[in-house]
2 protein chains.
Amino acid sequence: MTTRRTGLREQKKQATREALRAAALRLALERGPDDVRVDDIAEAAGVSPRTYNNYFSSREHAIVAAVTGEREARVAAAVADRPAGVGLADAVIEAIVDQYTAPDESGRDALLLIITRPALREAFLETTAAIEHPLTDAIAERLGDDDPHTARVLAASVAAAVRVAIERWLHTTASSATISGLVVPSGSLPDLLRTTLAPLTPALDAAEQRALRRRPR
Amino acid sequence: MTTRRTGLREQKKQATREALRAAALRLALERGPDDVRVDDIAEAAGVSPRTYNNYFSSREHAIVAAVTGEREARVAAAVADRPAGVGLADAVIEAIVDQYTAPDESGRDALLLIITRPALREAFLETTAAIEHPLTDAIAERLGDDDPHTARVLAASVAAAVRVAIERWLHTTASSATISGLVVPSGSLPDLLRTTLAPLTPALDAAEQRALRRRPR
DNA sequence: GCAGAAAAGTGCGTGCACGCAAGTTTGCAT
DNA sequence: ATGCAAACTTGCGTGCACGCACTTTTCTGC
């Protein structure tokens, strides 16, 4: 199940990617994200600047990636892992809530960093799009791959809704963080995700019913 | 109803924007889009290169904008114009189909240009995101602005679905265009849009029912 | 009308993304 | 073992996005 297409090659690749991620985050935390050049990141990770952007298309992506990790894969796995008994909507929503609540990103200050800088917030929002394809597969699995297009649309919609939720979360926490100093009341994120995703429940349910009717197990 | 915030100022601004759009498209058609520098576009439109990207964030956006026009505004208006009797789902879906079928973009060759070049296809896909905010307003209007958040999520989902539809359309037409030469069988786009948007109908209906129950007219 | 404010356009400098064409490492099969 | 092919890295060059400070134009209140 490990994503190991080929041996040594892929290992080094992941190692480089991880080194870049770590270096980017470390430097950003040390100096503040505006005083980090991609040359610095590349040097710290021991690769050429040119190689750097074989991995990341922007400085911001590298930093954000260090915080978000491989969340998209984890979300898809979490959906697949829910017992077949629970409804599709529940499976999807709870999987997402779980993965976005984890151990609070194993780095509060990193999250704070992201929240404050506009460019990083932007990049952070963009990561929501990454769950679309893994989630498509996970949903298609549950619907029985008869109609992969429906799964795709649903996954895209869920991803869009997650984006909206995080947008709102960033909006509110940015305001309150400005006021209260350094408080990051991330406590409301799960609720925000649930309420934002709620309007999509009927669509998920309907698709599930259709699938059951077509392929009664 | 005209977006006229202030007089002469806004006019000149729109004129410049239009000049840039036109210049970008003309040059792209003349020389092929890869041989157009933004300096050329700026020069052709009579502004400095620096001014150019006060208007467009990339060369591709300028070209695509010339073809898509202000579609997002037209979609929102079309939704608002549907009689109050028709259901929300129908209003939204048909408005979108209409606006994406118009007179086939008043320029077949321009569309063909977009379809062939990867960078332009990318930019074209991104335009779907632009309908989110206007559409949010239009949907909120129909739902009675009690809960603007629901409207937002639905609009974002619809935009995502439209993106998926166009992605598929580009995919299929790119293949068939390669084979058959210059044929652009855009005929299937409306159908594609309808089937792709269909899975969202339950969500739109449910939101509408909730609104009706809360605010029986 | 006129003065001051606001906004649009401009010049310049910097950092970055990305294509291309080597060079180098890894994998695989003989 | 060894040679070949594919993948990854690298240097270099080009075009571009964007911040900043400044000029010019348009708007607003007196």
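Note that the coordinates shown come from a computational prediction; the quantities given were computed from them, not determined experimentally. In what follows, chains carry the letters A, B, and so on, assigned in the order in which the sequence lines appear, proteins first and then strands, with residues in each chain numbered from 1.
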Problem - Contact list for DNA chain C against residues 54-61 of chain A - heavy-atom distance below 4.0 Å - result: A/Ser57, A/Ser58, A/Arg59

Handout entry: Flag, side chain of A/Thr51 to backbone of A/Val47, donor-acceptor distance under 3.5 Å
Key = no

Problem - Shortest side-chain distance from A/Thr51, nucleotide among D/dT9, C/dT26, C/dA17 - result: D/dT9

Problem - Atom-to-atom span, CG of B/Leu27 to C1' of D/dG15 - whole angstrom - result: 16 Å

Using atom names, set out every protein N or O paired with an N or O of nucleotides 11-13 of chain C below 3.5 Å, distance rounded to 0.1 Å.
residue	atom	partner	partner atom	Å
C/dG11	O6	B/Arg50	NE	3.3

Problem - Interatomic distance where CZ belongs to A/Arg17 and C1' belongs to D/dT9 [whole Å] - result: 15 Å

Handout entry: Phosphate OP1/OP2 of C/dT26: any A/Lys12 side-chain N/O under 4.0 Å
Key = yes

Practice task
Count the heavy atoms belonging to other residues, nucleotides or ligands that lie under 6.0 Å from CD of B/Glu43, then report whether that count exceeds 12.
Solution key: no

Practice task
Hey, could you give me each pair passing side chain to side chain donor-acceptor pair (under 3.5 Å) that has a residue in residues 129-140 of chain A? Not counting sequence neighbours.
Solution key: A/Glu132-A/Arg152

Exercise for the section: Look at A/Arg163 together with A/Glu167 and state whether they make a salt bridge at an N to O cut-off of under 4.0 Å. Expected result: yes

Practice task
Report the distance from atom CD of B/Glu122 to atom C1' of C/dC18, rounded to the nearest whole Å.
Solution key: 15 Å

Fill in the blank from the handout: Under a 4.0 Å heavy-atom cutoff, the residues of residues 38-47 of chain B touching DNA chain D are B/Val38

Exercise for the section: Sequence neighbours left out, what passes side-chain hydrogen bond (donor to acceptor under 3.5 Å, both in side chains) with A/Ser58? Give chain and number order. Expected result: A/Glu60, A/His61

Exercise for the section: Identify whether the distance between the nearest side-chain nitrogen and carboxylate oxygen of A/Arg117 and A/Asp34 falls below 4.0 Å. Expected result: yes

Exercise for the section: Please state how far atom CZ in A/Arg117 lies from atom P in D/dC18, giving the value in whole angstrom units. Expected result: 18 Å

Problem - Nearest-angstrom distance from the residue atom CD of A/Gln11 to C1' of C/dG27 - result: 14 Å

Completion exercise
For A/Glu18, the salt bridge (Lys or Arg N to Asp or Glu O under 4.0 Å) test, sequence neighbours excluded, returns A/Arg21

Problem - Spacing of A/Asn53 atom CG relative to D/dT9 atom C1', expressed in whole Å - result: 12 Å

Practice task
Assess whether atom CD of A/Glu141 is packed by more than 12 heavy atoms of other residues, nucleotides or ligands within 6.0 Å.
Solution key: no

Problem - Note: B/Asp40-B/Arg31 ion pair, threshold 4.0 Å (strictly below) - result: yes

Handout entry: Distance (rounded to the nearest 0.5 Å) between A/Arg59 CZ and A/Asn53 CG
Key = 12.5 Å

Practice task
Establish, from distance only, whether the side-chain atoms of A/Gln99 and A/Arg74 form a donor-acceptor pair under 3.5 Å.
Solution key: yes

Handout entry: Rounded distance (Å) that lies between atom P of D/dC27 and atom NZ of B/Lys13
Key = 13 Å

Practice task
In whole angstrom, give the distance that lies between atom OH of B/Tyr52 and atom C1' of D/dG19.
Solution key: 18 Å

